[in-house]
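This report refers to the structure that appears directly beneath it.
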Amino acid sequence: MRSVRKCSRTGCLEPAVATLTYAYQDSTAVVGPLATASEPHSYDLCEAHALRLTVPKGWEVVRHEGAFAAPEQSADELTALAEAVREAGRSDVPSVQPEPEGPSGRRGHLRVLPGRA
């Protein structure tokens, strides 16, 4: 399930509305509308960070003209959310898996802990 993407800037919790991509060969930073999927070599930015972006001396910024539109959830995302809530509410599924007895040969560092009320 994909939720609304957040700004890539450290400490920023605002929703992303733009995508920043660098063209290193051309010394150019491109700030455009939010990409449909998160890419490993691009950055999602909120409106404030997209408008205030600065680049090193000698670089050029190519910006999207006009206002950035907030991303809308698709019907697929809403269906996935509904299914996740439905699955979490099932009573026949144990919420915490029991730890295996004895050494398993795996170095698991993540496990599910019961929630606190």
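Note: hydrogens, waters and symmetry copies are ignored here, and every other heavy atom, side chains too, is used. FYI, the numbering just counts along the sequence from 1.
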TODO: Check L53, V30, V61 against L20 for a side-chain contact (heavy atoms from CB on, under 4.5 Å) and give me the one that passes.
DONE: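 In the set L53, V30, V61, the residue that makes a side-chain contact (heavy atoms from CB on, under 4.5 Å) with L20 is L53.
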Output a table of donor-acceptor pairs, distance under 3.5 Å, between side-chain atoms of residues 39-52 and any protein atom two or more places apart or on a different chain; print 'none' if there are none.
residue	atom	partner	partner atom	Å
S42	OG	E39	O	3.4
D44	OD1	R5	NH2	3.2
D44	OD2	R5	NE	2.7

Open item on the list: Are the side chains of V17 and L34 in contact, using a 4.5 Å heavy-atom criterion?
Closed with: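 No, every pair of side-chain atoms sits at 4.5 Å or beyond.
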Task: For the student: nearest non-hydrogen atoms of A35 and T19, plus distance - done: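 Looking at all heavy atoms of both residues, the shortest contact is N-OG1, 2.8 Å.
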